[in-house]
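Single-structure report; data block below.
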Protein chains: 2
Amino acid sequence: MDSMGIMARKQTAADQALRLDNQICFAVYSTAHAFNRVYKPLLDRLGLTYPQYLVMLALWERDDVPVKDLGERLFLDSGTLTPLLKRLEAAELIRRTRSTEDERLVLIALTAQGHALREKAKAVPQSILAASACSVGELMAMKDEIVALRDRLNAVLGE
Amino acid sequence: MDSMGIMARKQTAADQALRLDNQICFAVYSTAHAFNRVYKPLLDRLGLTYPQYLVMLALWERDDVPVKDLGERLFLDSGTLTPLLKRLEAAELIRRTRSTEDERLVLIALTAQGHALREKAKAVPQSILAASACSVGELMAMKDEIVALRDRLNAVLGE
DNA sequence: GCAAATTCAATTGCGGACAATTAAATGTGA
DNA sequence: TCACATTTAATTGTCCGCAATTGAATTTGC
């Protein structure tokens with residue numbers, strides 16, 4: 001059997017690694033889109049897109065913060081956040097005001113409507129949990145693994 | 001102690017569920033972006049974006065397929081794929097031709113350059129593996145869990 | 001065989017994502 | 001003090017991602 005004959009049959013490790021089904025990045029990418037699609041009908045009722053929902057989640061934990069702070073918590077930059085925040089402001093869920101102490105900062109604060117929306121949002125996680133068809137314990141374990149992976153990837157970028 | 005006093009201290013399950021750090025969807029979302037950022041310098045050398053790379057991975061496995069087929073494998077629709085495929089065609093990595101048997105179909109085939117790019121791409125997965133600072137076994141186990149979650153989410157959408 | 005339903009890709013419009021650049025405010029060091 | 005660097009948000013341009021619509025080709029039911 002000649003070497004070409006062998007090569008034609010043999011799948012090298014590099015060949016296997018290029019298979020879509022073997023790529024964890026594609027698993028993560030396609031799962032993120034699946035989440036987005038499951039969230040959509042739920043968030044439509046709140047008048048939010050999924051990234052806007054994430055911003056609101058962050059603000060419900062702590063508001064009156066500069067754009068930078070939000071960006072660090074969500075891993076997003078001003079190019080993404082500035083237009084998104086302007087849309088939330090147009091929806092009267094937040095206010096954007098220049099800090100008087102440091103005029104470089106734009107502080108993001110929730111309006112009364114923004115705070116109030118939290119009550120309606122409380123039903124969302126339960127629906128997602130149901131759609132995932134998975135126990136809370138399993139999901140949290142998976143989440144911890146994924147976050148650990150994310151943090152290792154981000155650590156490489158910081159070098 | 002009055003009930004308001006209790007409420008002020010007590011974090012309900014719904015409150016906990018709204019915390020950003022408790023949300024697996026945010027873990028997946030932010031990890032997808034982290035992957036994207038790690039891939040970027042590697043894919044720049046191939047002249048591909050990350051979604052374009054996924055399309056090429058799919059085509060290296062099987063080409064001469066309709067747009068629909070690609071869409072099903074990648075969970076993307078024609079609104080996303082049509083402009084992306086036109087850019088790959090402009091880069092002379094693929095050809096787009098109407099099927100003569102069924103003129104509704106646009107068949108996507110790799111060019112010689114498209115096939116050749118696969119050799120350069122073989123180095124990519126190894127770099128990603130290194131960045132993930134994780135064994136292949138661990139990554140594949142995680143991948144399987146994430147794919148199972150994705151499939152359950154997509155199953156809900158199909159109902 | 002033909003009208004109606006279906007399939008498929010393309011298009012349009014909107015909202016992210018991010019790199020690169022800009023401009024203003026602040027901080028720093030001779 | 002005053003050049004110089006740094007920090008911050010905004011802007012611009014390019015590329016996804018998807019809902020909704022369009023129009024052409026095909027399949028189906030009668």
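With rounding to whole Å, Ile94(A) atom CD1 is found 13 Å from dA9(D) atom P. When the C1' atom of dA10(D) is taken as reference, atom CD1 of Ile108(A) falls 12 Å away, rounded to whole Å. Atom OH of Tyr50(B) and atom C1' of dG17(D) are 15 Å apart (whole Å). Here dA17(C) presents its P atom at 14 Å from CZ of Phe75(A), a figure rounded to the nearest Å. Between the P atom of dG15(C) and the NE2 atom of His33(A) lies a distance of 19 Å, rounded to the nearest Å. Between the CG atom of Asn36(A) and the C1' atom of dC16(D) there is a distance of 12 Å, given to the nearest Å. In this entry the distance linking CG of Asp44(B) with C1' of dC15(D) reads 13 Å, nearest Å. Across the protein-nucleic acid pair, Leu76(A) atom CG and dT8(D) atom P stand 17 Å apart, rounded to whole Å.
Phosphate contact (OP1/OP2 of dG16(C), side-chain N/O of Thr49(A), threshold under 4.0 Å): present. Between Gln52(A) and the phosphate of dG15(C), there is no side-chain N or O to OP1/OP2 separation shorter than 4.0 Å. For the pair Tyr29(A) and dC16(D), the criterion of a side-chain N or O lying under 4.0 Å from OP1 or OP2 is not met.
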Which protein N or O atoms sit under 3.5 Å from an N or O of nucleotides 4-14 of chain C?
residue : atom : partner   : partner atom : Å
dT7(C)  : O2   : Arg104(B) : NH1          : 3.3
dC8(C)  : OP2  : Lys68(B)  : NZ           : 2.9
dA9(C)  : OP1  : Val67(B)  : N            : 3.1
dA9(C)  : OP2  : Lys68(B)  : N            : 2.9
dA10(C) : OP1  : Arg96(B)  : NH2          : 2.4
dA10(C) : OP2  : Thr82(B)  : OG1          : 2.8
dA10(C) : N7   : Ser78(B)  : OG           : 2.8
dT11(C) : OP2  : Lys86(B)  : NZ           : 2.6

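Rounded to the nearest 0.5 Å, atoms CD (Glu145(A)) and CD1 (Ile24(B)) are 9.5 Å apart.
Taking hydrophobic clusters as Ile, Leu, Val, Met, Phe, Trp and Tyr residues chained together by side-chain heavy-atom distances below 4.5 Å, Leu20(B) shares a cluster with Leu93(A). Ile128(A) and Val147(A) fall into different hydrophobic clusters, where Ile, Leu, Val, Met, Phe, Trp and Tyr residues are linked whenever their side-chain heavy atoms come under 4.5 Å apart, directly or through other members.
For Tyr29(B) and Phe35(A), the ring centers sit 6.0 Å or farther from each other.
Evaluation of the salt bridge (charged side-chain N to carboxylate O under 4.0 Å, His left out) test over residues 112-140 of chain A, restricted to residues two or more places apart or in two chains, returns Arg118(A)-Asp15(B), Glu119(A)-Lys122(A), Lys122(A)-Asp15(B). Among residue pairs with one or both ends in residues 41-60 of chain A, those qualifying as salt bridge (charged side-chain N to carboxylate O under 4.0 Å, His left out) are Lys40(A)-Asp44(A); sequence neighbours excluded.
If Glu101(A) and Leu84(A) are placed on DNA chain C by their nearest nucleotide, the residue sitting closer to the 5' end is Leu84(A).
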| request: Give the C-alpha distance, both sets of side-chain angles, the deciding distance and a yes or no for side chain to side chain contact (heavy atoms under 4.5 Å, CB included) between Val124(A) and Tyr53(A). | output: CA-CA 10 Å; Val124(A) 172; Tyr53(A) 173 68; 3.6 Å; yes
